[in-house]
Amino acid sequence: MKRGLPQNMRAYIEELIGQSLGYLKREGTLTLDEPVKVQVERTRDRSHGDYACNIAMVLARKVGRNPRQLAELISARLPSSKRIDKVEIAGPGFLNFFASPHYLRVVVREVLAQGRDYGRAPAGSRGEVLAEYVSANPTGPLHVGHGRGAAYGASLSSILDAAGYRVTREYYVNDHGRQMDILAVSVWLRYLELAGERVDFPGNAYRGDYIYDIAREVRERHGDKLRHTQQAVVDGLPADGDGQAAEIHIDALIARSRELLGPDGYEACFSAALDTMVSDIREDLGAFGVQFDRWFSERSLETSGALERAIERLDREGWLYVKDGATWFKASELGDDKDRVVIRENGRTTYFASDVAYLLDKLERCPGTSLYIFGADHHGYVPRLKAAARGLGESPDRLDFQLVQFAILFRGGRKVQMSTRSGSFVTLRELREEVGNDAARYFYVMRSHEQHLDFDLDLAKSSANENPVYYIQYAHARISSVFRQLDARGFRYNQAIGEAAMDRLDSEYEQALLRTIGRYPEVIEGAADRRAPHVLAHYLHDLASEFHSWYNNSQFLVDDDDARNARLNLVAAVGQVLRNGLELIGVAAPEEM
RNA sequence: GUCCCGGUAGCUCAGCAGGAUAGAGCAGCCGCCUCCUAAGCGGCAGGUCGCAGGUUCGACUCCUGCCCGGGACGCCA
């Protein structure tokens, strides 16, 4: 990376101040025992220049001078620089730096030269991240809650990638366990129903219509091979009912299914259900622009021996003990609030044991950070997984947990009721069809993930000015339109002429845009560091806003070659930054609307 | 009971390791299209930053307590 790029301006100024402090120290004006951390930040107010530093206030007490006086000293010893026009001392002792207009304009050339790479740090320069998100049980279609995790996870992964992390995206498929068995049995019962058997469908089974679809497939493939009489199915089974009775009933039903169907027959129902659900989820997410590098099967942990290995590892480290016939992990000694069972009394491993095995696998495969993106209801997993990391002899610092709060849909100003059991929940697919992928992706990440999200369906569907997605996309469409108009008006765009005439970009609108597009790399870095895609979403809205203001106040396609080409360079640069940013949050940048 | 997230303008929310007069979008009111898409722009009005203490030169931001809202605490998955 060349020195002197706009994105390095902060570091550059920090270095200048460091030099000034070093000088003051050497000449004996100041006595500083410990090295000081100089921090420069972007100003919020234009009148405060472009960058500000609070070092004088931080150091004032230590060196026994008042802040403004100290600021004067630092300012006087600052090496001169072509990039800085002037330095002012303001307020309680801020050092305000004004970037030179020439320096501000350099950014346009950088954006145009780097194109899609503008704002991207060198690949892998920040290490590796293994991001796991969505990981919804494959027992039904994704709903709108999963959608938020998907949009957040995908956007954050892209942002981390742009910020220089090497990112692997994974979906953990819970294809092992009771819920999957219930799903398999649900399919079988529907299959029997389709075959003409009279069945009493348990209250606890999966009732969605998609179960019929899977059952139909099973029937097409296996005909009547899996058919048994209703009598055989329910004979001697404990009755269905509410609460506990329902659980007992369905467990007995699972056991009966296995008996009657045998391993192959049961597997037929099971795998049909699993394959259908996983491919349905994959298709759904794919259409939503959410991709994964790997779909990690929970069952594979057992077949690969990873499960056994993880338990052995915990044992070897001395964290296991046996009580009441079960094997426990001493999580409470490692920061969790209670110990956790890894092997049940009945000899089967727990869900938590799988989590530990998957964690070990992740830590071994990825030398960097394991990023967990959970729904907020899973926050209890944080201490136990950290305990697991410690138990495996790894640092919990290698785990990063991001909890995504719930999304609540609003229509007509009223909450849309959702209930999984009754089947009246809104699926992600329905949401996408209703508001479109772009609006859904944007709305999901426009708020901090730590914040509950009120998802206004009417607003997301609105094609009026209040919809922030269209607002941003419209800016991009306008930019495309400007270039389309070039030919129509008999002009030609010449980037070189524009670059030679960049000093023509002198209006307040142009200056503001220069500052904003120059800020983009820092926005990416900040969004990545804070795991906060909404920072980027807000930035894009700001950028669009500044562009719209400029558009309404200036004419781009003027007769003056210099002015026209200089402006077109800036227009092109804004378009490029919009495209780069929108791509990271999975929103299209349309040529026209 | 313990733990997690939140409480900023009428509504929905920004405000990033504390910083210079608290911002945006909606909604409300008033303006702007013989001109590159008005899905746009400009202006006005609107807030004791939940409450009370504390730390600091400086607190919406950090600490403690309390109040309110949402959620989590299985040998379930």
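Order of the sequence lines sets the chain letters (A, B, ...), proteins ahead of strands, with each chain counted from 1.
The A:Met593 side chain lies nearest to B:rA39 when the options are B:rC75, B:rA39, B:rC41. Considering only side-chain atoms of A:Asp337, the nucleotide from B:rC73, B:rG19, B:rA24 that sits closest is B:rC73. Closest to the side chain of A:Phe94, from the set B:rC36, B:rG71, B:rG19, is B:rG19.
If A:His548 and A:Phe483 are placed on RNA chain B by their nearest nucleotide, the residue sitting closer to the 5' end is A:Phe483. Nucleotides of RNA chain B nearest to A:Gln39 and A:Glu298 differ in position, and the one nearer the 5' end is that of A:Gln39.
Taking the P atom of each, B:rU21 and B:rC73 are spaced 46 Å apart, rounded to whole Å. Rounded to a whole angstrom, the distance from the C1' atom of B:rU64 to that of B:rU55 is 11 Å. Taking atom C1' in both B:rG19 and B:rC60, the straight-line distance is 12 Å, to the nearest Å. Only the P atoms considered, B:rG69 is 16 Å distant from B:rU12, to the nearest whole Å. With both ends at atom P, the span from B:rG6 to B:rC63 equals 11 Å, rounded to whole Å. Between B:rC3 and B:rC44, the two C1' atoms lie 47 Å apart (nearest whole Å). Distance noted for atom C1' between B:rC49 and B:rC36: 43 Å (whole Å). Comparing B:rG31 with B:rU48, their P atoms are spaced 30 Å from each other, to the whole Å.
Between the CG atom of A:Asp336 and the C1' atom of B:rU2 there is a distance of 12 Å, rounded to whole Å. Look at CE on A:Met446: it is 10 Å from C1' on B:rC26, rounded to the nearest Å. When rounded to the nearest whole Å, the span between CZ of A:Arg519 and P of B:rC16 equals 14 Å. Computed from coordinates, the A:Phe547 CZ to B:rC36 P distance equals 13 Å when rounded to whole Å. In this structure, A:Phe455 atom CZ and B:rG25 atom P are separated by 21 Å, rounded to whole Å. Summarising the geometry, the separation between NZ on A:Lys415 and C1' on B:rG69 is reported as 10 Å, rounded to the nearest angstrom. The distance between atom CG of A:Asp542 and atom C1' of B:rG15, rounded to the nearest whole Å, is 12 Å. In this structure, A:Phe352 places its CZ atom 15 Å from P of B:rC73, rounding to the nearest Å.
Base orientation at B:rC33 is syn, since its O4'-C1' glycosidic dihedral falls within 90° of 0.
In this structure, A:Gln473 reaches neither bases nor backbone, as no heavy-atom distance under 4.0 Å exists between it and the strands shown. Residue contacts shown for A:His48 include a base, since a base heavy atom lies under 4.0 Å away. A:Asp45 comes within 4.0 angstrom of a base, heavy atoms only. At a threshold of 4.0 angstrom between heavy atoms, the contacts of A:Ala475 with the nucleic acid are absent. The residue A:Arg44 sits close to a base: some heavy atom pair falls under 4.0 Å. No engagement by A:Thr139 is indicated, since no non-hydrogen atom pair under 4.0 Å with the nucleic acid exists. Using a 4.0 Å heavy-atom criterion, one finds that A:Gly177 contacts the sugar-phosphate atoms exclusively. A:Ala477 comes within contact range of at least one nucleobase, with a heavy-atom separation under 4.0 Å.
Within a 6.0 Å sphere centred on CD of A:Glu247, heavy atoms belonging to other residues, nucleotides or ligands number more than 12.
Put simply, the residue from A:Glu510, A:Gln511, A:Arg504 that forms a side-chain hydrogen bond (donor to acceptor under 3.5 Å, both in side chains) with A:Ser507 is A:Glu510.
If you check the side chains of A:Tyr470 and A:Asp438, you find no donor sitting under 3.5 Å from an acceptor. In this model, a donor atom of one side chain and an acceptor atom of the other lie less than 3.5 Å apart for A:Tyr358 and A:Glu170. In this structure, a donor-acceptor pair under 3.5 Å is absent between the side chains of A:Ser75 and A:Glu72. There is no side-chain donor-acceptor pair under 3.5 Å between A:Gln179 and A:Asp181.
Aromatic ring centres of A:Trp319 and A:Phe329 lie farther apart than the 6.0 Å criterion allows. Checked against the 6.0 Å centroid threshold, A:Tyr444 and A:Phe455 count as a close aromatic pair. Between A:His541 and A:Tyr471, the ring centre distance stays below 6.0 Å. Aromatic ring centres of A:His176 and A:Tyr351: separated by at least 6.0 Å.
For A:Phe406 and B:rG70, the ring-to-base geometry does not satisfy the stacking test (centroid distance below 5.5 Å, interplanar angle below 30°).
Taking only distance into account, the side chain of A:Asp377 never meets the base of B:rG71 through a donor-acceptor pair shorter than 3.5 Å.
Phosphate contact (OP1/OP2 of B:rG25, side-chain N/O of A:Tyr442, threshold under 4.0 Å): absent. Between A:Tyr474 and B:rA38, a side-chain N or O to OP1/OP2 separation shorter than 4.0 Å is present. Taking side-chain N and O atoms only, A:Arg530 has a distance below 4.0 Å to OP1 or OP2 of B:rG15. Side-chain N/O atoms of A:Arg478 include one lying less than 4.0 angstrom from OP1 or OP2 on B:rA38. Within the 4.0 Å cut-off from OP1 or OP2 of B:rU2, not a single side-chain nitrogen or oxygen of A:Lys338 is found.
With sequence neighbours excluded, the residues that form a side-chain hydrogen bond (donor to acceptor under 3.5 Å, both in side chains) with A:Ser155 are A:Arg441. Residues forming a salt bridge (charged side-chain N to carboxylate O under 4.0 Å, His left out) with A:Arg126 (at least two apart in sequence, or on another chain): A:Asp529.
Side-chain atoms of A:His48 never come within 3.5 Å of backbone atoms of A:Leu95 as a donor-acceptor pair (strictly under, hydrogens ignored). Looking only at distances, a side-chain donor or acceptor of A:Arg68 sits under 3.5 Å from a matching main-chain atom of A:Gly91. Side chain of A:Ser332 to backbone of A:Lys338: no donor-acceptor contact under 3.5 angstrom is found.
At a threshold of 4.5 Å between non-hydrogen side-chain atoms, the residues A:Gln485 and A:Phe556 do not count as touching.
Under a cutoff of 6.0 Å and an axis angle of 45°, A:Arg478 and A:Tyr551 form a cation-pi pair. Figure legend: cation-pi geometry between A:Arg258 and A:Tyr266, with NZ or CZ positioned under 6.0 Å from the six-membered ring centre and within 45° of its axis.
Against RNA chain B, the stretch residues 549-563 of chain A makes heavy-atom approaches under 4.0 Å through A:Ser549, A:Tyr551, A:Asn552, A:Asn553, A:Ser554, A:Gln555, A:Phe556, A:Leu557.
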Using a 3.5 Å limit on both pairing distances, list the dot-bracket string of RNA chain B from the 5' end; Watson-Crick and G-U wobble pairs count, crossing pairs take [ ], interstrand pairs take |. (((((((..((((.....[...)))).(((((.......))))).....(((((..]....))))))))))))....

With B for base contact, S for sugar-phosphate-only contact and - for none (protein heavy atoms under 4.0 Å), nucleotides 4-12 of chain B reads SSS-----B

Which protein N or O atoms sit under 3.5 Å from an N or O of nucleotides 45-47 of chain B?
none

